[in-house]
S.K.: 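First, the structure itself, so that you have it in front of you.
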Amino acid sequence: MKSNELLDKWSQSIQNTYGAPSLALVSGKGLVVKDADGKVYLDFLGGIATNILGHAHPAIVKAVSHQVGVLGHVSNFYAHPNVVELAQKLTSMTGDSDAKVFFAQSGAEANEAAIKLSRRTGRSRIVAAQGAFHGRTMGALSLTGQPKKREPFLPLLKDVRHIPYGDIAEMQRAINRKTAMFIIEPIMGEAGVIVPPADYLSAARDLCNETGALLVLDCVQTGMGRTGDWFGYEYSGITPDVITLAKGLGGGLPLSAMIACGAAAFLFQPGDHGSTFGGNPVTTAASLATIKYIEKNDVMSAVKTHGKQLMSELAMIPGVLEVRGAGLLIGIELSSVNSEKVADGLREAGVLVNTATASTIRIAPALIVSSAQIDSFIAKFRKVMNDVH
Ligand SMILES: Cc1ncc(COP(=O)(O)O)c(C=O)c1O
């Protein structure tokens with residue numbers, strides 16, 4: 001089937017939650033994807049920060065193919081080696097010897113698990129950030145600080161208060177001894193790659209220590225090496241009570257995790273939560289292959305170098321007002337409100353990005369992006385910016 005036919009059939013048979021897709025993709029290798037008409041694109045969005053080793057990475061293909069032929073699924077009545085090995089890897093990344101993991105499939109579910117965990121403190125009040133994105137299920141949507149996404153589905157969870165992101169004084173006013181959890185993204189991704197002040201996370205840690213509120217860091221978009229560290233908060237030197245992960249965790253397969261540290265690791269009791277596919281042998285095999293490849297090839301050093309290169313080169317392009325982010329999660333703020341036009345121009349030129357806001361382009365390429373691919377992206381970006389202006 002060609003692109004037009006696939007896109008028509010999509011609209012006929014798939015609910016219109018996303019709007020019409022712009023492309024129909026059929027294959028990929030590394031950072032290159034091909035559409036149903038045979039046109040190739042340089043993928044600088046990576047499934048929105050998900051395909052962290054690009055498309056069809058041999059290490060993931062091998063691990064998944066092997067695992068599906070050995071043991072494709074087991075219920076959570078039984079353990080299996082992959083889920084144990086992955087949990088041990090993730091808990092060791094936190095540096096907390098008490099840490100324990102709950103596995104699910106999506107970012108929203110990881111955050112749902114965090115909400116339920118926080119209820120086990122005996123408190124129910126939640127503080128979250130204006131503009132934040134934490135998912136679309138009813139609990140996760142209650143945390144999401146974007147009125148347009150929330151309002152059609154009111155009433156949501158009671159007792160959720162949204163405060164301005166990055167504002168320490170507002171945080172101090174909002175969080176108290178009745179607060180069950182304070183949830184924030186280390187960098188707000190969907191809101192346009194917003195980086196908080198350098199002392200924000202440590203101030204949040206201090207306040208949560210004083211009040212007994214759980215500090216939950218949603219690393220769904222900023223986790224698994226995306227910022228040059230395993231978790232997007234590591235630059236701050238703190239340990240949160242809860243970390244949520246998804247997107248890159250499964251290297252492109254649906255896997256998420258809610259990691260609880262310290263005393264929070266002991267809040268859930270048998271029967272408190274569950275998920276049929278959580279910690280599935282195949283998705284955990286993909287995750288282990290991804291993590292081992294990143295470790296063995298020192299991918300995170302390259303993420304830091306390439307991130308700096310991209311940010312400094314993008315900042316010099318006329319029409320770019322500001323470049324924000326960390327590692328390979330980058331928001332490009334344009335001097336005029338035309339990010340759609342720029343994204344469309346890039347797609348025409350064979351490059352995939354996305355528009356986080358009307359004036360912000362977001363890029364989140366695979367962590368294995370090469371210098372040559374960065375050069376090609378920068379050249380195309382410069383040309384499209386020139387054409388659009
Ligand atoms: C920070 C953050 N949290 C949660 C989610 C929700 O993840 P999912 O779409 O897998 O439910 C997202 C998705 O973009 C996200 O960026």
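Order of listing sets the numbers, starting from 1, for every ligand and every atom in it.
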S.K.: Which of these, Glu109, Gln221, His134, has its nearest heavy atom closest to atom 4 (C) of ligand 1?
M.R.: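 Among Glu109, Gln221, His134, the closest heavy atom to atom 4 (C) of ligand 1 belongs to His134.
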
S.K.: Which ligand 1 atoms, with their elements, are less than 4.0 angstrom from a heavy-atom of Ser106?
M.R.: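 Near Ser106, the atoms of ligand 1 are 10 (O), 11 (O).
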
S.K.: Check for me whether Lys247 has a heavy atom closer than 4.0 Å to any atom of ligand 1.
M.R.: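 It does, in that a heavy atom of Lys247 comes within the 4.0 Å cut-off of ligand 1.
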
S.K.: Please could you name the atoms of ligand 1 that Asn111 approaches to less than 4.0 Å, counting only its heavy atoms?
M.R.: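 Every atom of ligand 1 under 4.0 Å from some heavy atom of Asn111: 3 (N), 4 (C).
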
S.K.: When you compare the side chains of Thr137 and Glu112, does any donor N or O come within less than 3.5 Å of an acceptor on the partner?
M.R.: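 Yes, a side-chain donor-acceptor pair sits under 3.5 Å.
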
S.K.: Could you state whether Ile363 and Phe133 fall into the same hydrophobic cluster, counting links through intermediate Ile, Leu, Val, Met, Phe, Trp or Tyr residues with side-chain heavy atoms under 4.5 angstrom apart?
M.R.: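 No, Ile363 does not connect to Phe133 through the hydrophobic network.
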
S.K.: Is any side-chain N of the basic residue among Lys89 and Glu295 closer than 4.0 Å to the acidic one's carboxylate O?
M.R.: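 Looking at Lys89 and Glu295, the cut-off is met.
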
S.K.: What part of Thr137, side chain, backbone, both or neither, has a heavy atom within less than 4.0 angstrom of ligand 1?
M.R.: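 Answer for Thr137: neither.
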
S.K.: Evaluate the criterion side chain to side chain donor-acceptor pair (under 3.5 Å) for residue pair Tyr235 and Asp229; output intermediate values, then yes/no.
M.R.: CA-CA 8 Å; Tyr235 72 89; Asp229 291 313; over 6 Å; no

S.K.: Is any heavy atom of the protein nearer than 4.0 Å to atom 9 (O) of ligand 1?
M.R.: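 So atom 9 (O) of ligand 1 lacks protein heavy-atom neighbours under 4.0 Å.
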
S.K.: Tell me: protein heavy atom nearest atom 2 (C) of ligand 1, and distance?
M.R.: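 Answer, as residue, atom name and distance: Phe133 O, 3.3 Å.
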
S.K.: Nearest heavy-atom pair of Gly228 and Val303: which atoms, and what distance?
M.R.: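 Between these two residues, the closest heavy atoms are N-CG1, 3.6 Å.
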
S.K.: Could you go through the salt bridge (charged side-chain N to carboxylate O under 4.0 Å, His left out) check for Lys149 and Glu190 one step at a time?
M.R.: CA-CA 12 Å; Lys149 294 191 172 71; Glu190 299 299 301; over 6 Å; no

S.K.: Hey, is Arg347 close enough to Asp344 for a salt bridge, meaning N to O under 4.0 Å?
M.R.: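 Yes, charged N to carboxylate O under 4.0 Å.
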
S.K.: Looking only at protein heavy atoms, identify the closest one to atom 7 (O) of ligand 1 and say how far it is in Å.
M.R.: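 Answer, as residue, atom name and distance: Gly107 CA, 3.3 Å.
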
S.K.: Identify, for atom 11 (O) of ligand 1, the protein heavy atom at the shortest distance, and state residue, atom and that distance.
M.R.: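 Of the protein heavy atoms, Ala108 N, 2.8 Å lies nearest.
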
S.K.: Any nitrogen or oxygen of Glu185 lying under 3.5 Å from a nitrogen or oxygen in ligand 1? Just yes or no.
M.R.: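 There is no such contact.
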
S.K.: Among all protein heavy atoms, pick the one closest to atom 3 (N) of ligand 1 and tell me residue, atom and distance.
M.R.: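 For atom 3 (N) of ligand 1, the nearest protein heavy atom comes out as Asp218 OD2, 2.7 Å.
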
S.K.: Would you call Arg205 and Asp241 a salt bridge, taking side-chain N to carboxylate O under 4.0 Å as the test?
M.R.: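 Salt bridge: yes.
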
